[in-house]
Amino acid sequence: MKKGPLTGIKVLDFSQVLSAPFCGMMLADLGAEVIKIERPGSGDISREYGPYVNNISLYYCQYNRGKKGIAIDMRTEEGKRVILDLVANVDIVIENFKAGTLEKLGIGYDKMLEVNPTLVYGSISGFGTYGPLSHLPCMDIIAAARSGLVAQTGQAGDAPIKPGFSLCDTWAGLQLLRGLSMALLHRQKNGKGLRVDIAMLDCAFYMCESPVIEHSLTGKFTERSGNHHAWYAPYGEFAANDGNVVIAVTKHDEWATLCHALGLEALVTDERFCNNDLRVQNKDVLIAELEKATRTMGRYELEKKLSQVGIPSAAVQSLQEFDNNPQTKALNVITKIDQLGVGEYTVTNTPILFSKTPVNPNASAASSPGANSREILESLGYCSEKIDQLLADGAIHQAG
């Protein structure tokens with residue numbers, strides 16, 4: 001088996017639920033050795049999230065694949081010493097507690113630097129490590145609501161709609177991966193680690209490109225525009241006879257090409273649509289005119305016809321249709337993992353491809369909190385007697 005791009009990098013993962021675990025999952029996929037710390041007993045909160053197979057959460061397994069597991073009671077002095085021994089032997093620590101949680105336990109970033117001065121430390125919190133909201137808990141939908149992301153989604157005049165996926169969580173995880181990569185490069189050049197702080201609120205607003213540009217010009221934020229673009233037309237979703245198709249015209253010559261492809265040549269010279277500004281002003285009428293043609297054809301028929309003449313277009317697919325698409329298969333976007341205690345199940349693959357080194361999502365997640373506790377402590381040089389004593393004292397826990 002070829003080595004991944006992060007082979008040799010060791011990560012201590014304190015994270016829970018989705019945002020930072022998502023980053024830890026990608027680090028493991030890329031070859032890093034990731035050690036997941038959980039509380040004894042119930043472990044990561046997401047172990048309570050379904051669906052389940054044999055009482056094992058597939059949600060947990062998806063975002064903690066490839067990680068070794070150790071269960072530590074961080075409230076005990078013995079547990080804290082174990083954590084600092086682990087910190088001394090890793091390159092990266094990641095966590096997504098509320099700001100100040102580890103500091104209150106006496107094992108925060110400054111304490112970790114004492115045992116590992118070159119440590120790269122990455123944290124995700126809802127609202128950052130300072131400011132009036134920093135003490136508050138946060139979930140994906142909270143960041144989406146506070147950032148304006150929800151308010152920007154949906155049809156004008158209707159109630160706002162939350163995004164269909166956990167965009168704030170996963171985007172924050174991706175930004176943490178990005179920051180950690182830069183911090184590792186900085187350490188390689190300067191011999192010093194960095195702290196990387198990610199706020200989910202910042203990440204949610206970071207996706208807000210067009211309204212911010214509009215604000216810089218007019219002092220106002222663009223109103224939400226539903227399934228169509230505020231600045232371009234036709235650019236959005238149109239009805240077909242078996243669902244919907246997306247068409248995206250942003251260049252002047254594409255407009256005429258689109259009209260000819262749909263058999264709507266008269267629209268090319270229609271004064272209401274002769275340039276993009278007028279098409280945006282007359283968007284509702286434009287949509288109605290185009291749908292006279294699109295409603296007579298199927299989604300994939302339209303996709304093929306328009307793509308052949310260079311018009312960006314796509315059938316609006318269900319997840320099932322996406323799964324069955326040849327392009328999805330070619331890129332290995334969806335893969336399967338053989339999970340201990342579960343069997344084979346489907347996961348999303350890490351979408352980062354390298355020319356000469358593999359991405360490997362095929363290592364199963366720890367099936368119980370502390371599945372590798374003894375193995376991990378032995379790798380630190382703990383003797384059997386010491387490990388047995390820690391187990392007996394309840395400072396650590398070994399599953400099974």
Side-chain angles (χ1 to χ4, degrees), residues 3-38 44 63-70 72 74 80 82-97 99 101-103 105 107-125 128-129 169-200 203 350 352 354 357 359-361 363 365-366 372-373 375-377 379-380:
K3 295 180 179 180
L6 293 183
T7 297
I9 297 295
K10 294 185 178 180
V11 181
L12 197 57
D13 180 353
F14 288 88
S15 64
Q16 296 193 81
V17 188
L18 179 52
S19 59
F22 188 81
C23 177
M25 173 197 75
M26 289 187 288
L27 290 168
D29 285 354
L30 296 171
E33 179 185 349
V34 181
I35 298 172
K36 170 92 172 186
I37 295 180
E38 295 183 82
D44 188 326
Y63 299 115
N64 293 282
R65 65 188 188 221
K67 303 177 185 180
K68 297 177 180 179
I70 183 170
I72 303 175
M74 296 192 295
K80 293 173 186 178
V82 170
I83 284 173
L84 292 176
D85 284 343
L86 286 164
V87 169
N89 286 274
V90 300
D91 301 284
I92 296 171
V93 164
I94 61 172
E95 51 94 352
N96 61 338
F97 295 118
T101 296
L102 290 177
E103 281 72 15
L105 291 170
I107 48 174
Y109 174 58
D110 290 340
K111 187 66 176 179
M112 292 183 185
L113 281 184
E114 292 179 12
V115 300
N116 189 345
T118 63
L119 182 68
V120 170
Y121 185 99
S123 67
I124 297 177
S125 57
T129 55
D169 271 321
T170 53
W171 186 234
L174 284 166
Q175 291 300 326
L176 181 57
L177 179 70
R178 179 186 182 191
L180 294 174
S181 300
M182 298 302 100
L184 285 174
L185 180 60
H186 177 272
R187 189 181 72 174
Q188 181 182 359
K189 289 182 174 181
N190 302 287
K192 297 179 180 180
L194 290 174
R195 177 166 181 161
V196 180
D197 284 316
I198 304 293
M200 288 173 61
C203 290
T350 288
I352 304 172
F354 299 90
T357 188
V359 173
N360 177 28
N372 309 103
S373 292
E375 171 195 342
I376 290 167
L377 293 181
S379 72
L380 293 177

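Counting from 1, the numbers follow the sequence of the chain as shown.
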How close do [X] and [Y] get, counting heavy atoms only, and between which atoms?
| X | Y | answer |
| --- | --- | --- |
| Gly8 | Asp91 | O-OD2, 3.7 Å |
| Phe354 | Leu30 | CE1-CD2, 3.5 Å |
| Ile83 | Phe14 | CG2-CZ, 3.7 Å |
| Val120 | Ala183 | CG1-CB, 3.6 Å |
| Val34 | Gly24 | CG2-O, 3.8 Å |
| Ala199 | Gly128 | CB-N, 3.5 Å |

Test of understanding: with side chain to side chain contact (heavy atoms under 4.5 Å, CB included), list the residues that count as partners of [X], not counting sequence neighbours.
| X | value |
| --- | --- |
| Leu113 | Tyr109, Leu119 |
| Ala99 | none |
| Thr7 | Lys3 |
| Lys111 | Leu84, Glu114 |

Sort and list the pairs that fulfil side chain to side chain donor-acceptor pair (under 3.5 Å) and have at least one residue in residues 16-25, not counting sequence neighbours. Ser19-Asn96
Residues two or more places apart in sequence or in another chain: which of them pass side-chain hydrogen bond (donor to acceptor under 3.5 Å, both in side chains) with [X]?
| X | answer |
| --- | --- |
| Asp197 | Ser123, Arg195 |
| Ser379 | none |
| Asn89 | none |

Are [X] and [Y] close enough that some pair of their side-chain heavy atoms sits under 4.5 Å apart?
| X | Y | result |
| --- | --- | --- |
| Pro117 | Lys192 | no |
| Leu86 | Ile376 | yes |
| Thr101 | Glu95 | no |
| Arg187 | Leu194 | no |

Tell me which pairs pass salt bridge (charged side-chain N to carboxylate O under 4.0 Å, His left out) where either residue lies in residues 8-35, with sequence neighbours left out. Asp13-Lys67, Asp29-Arg65, Glu33-Lys68
Give me each pair satisfying salt bridge (charged side-chain N to carboxylate O under 4.0 Å, His left out) with a member in residues 18-27, each pair once, sequence neighbours excluded. none
Hey, can you pull the donor-acceptor pairs under 3.5 Å for the side chains in residues 172-182, sequence neighbours left out?
from   : atom 1 : to     : atom 2 : distance (Å)
Gln175 : OE1    : Arg178 : NH1    : 3.0
Ser181 : OG     : Leu177 : O      : 2.9

For Asn116 and Val90, indicate whether the former's side chain and the latter's backbone hold a donor-acceptor pair under 3.5 Å. yes
Nearest 0.5 Å, what's the [atom1]-[atom2] distance between [X] and [Y]?
| X | Y | atom1 | atom2 | answer |
| --- | --- | --- | --- | --- |
| Ile92 | Leu184 | CD1 | CG | 4.0 Å |
| Ile70 | Leu377 | CD1 | CG | 4.0 Å |
| Asp110 | Tyr121 | CG | OH | 9.5 Å |
| Asn64 | Lys36 | CG | NZ | 3.5 Å |
| Thr350 | Asn360 | OG1 | CG | 10.0 Å |
| Leu18 | Asp44 | CG | CG | 10.0 Å |

Holding to salt bridge (charged side-chain N to carboxylate O under 4.0 Å, His left out), I want the full list of residues that pass it with Asp169, two or more places apart in sequence or in another chain. none
With side-chain contact (heavy atoms from CB on, under 4.5 Å) as the test, would you mind laying out the steps for Leu27 and Ile9 before giving the verdict? CA-CA 9 Å; Leu27 290 168; Ile9 297 295; over 6 Å; no
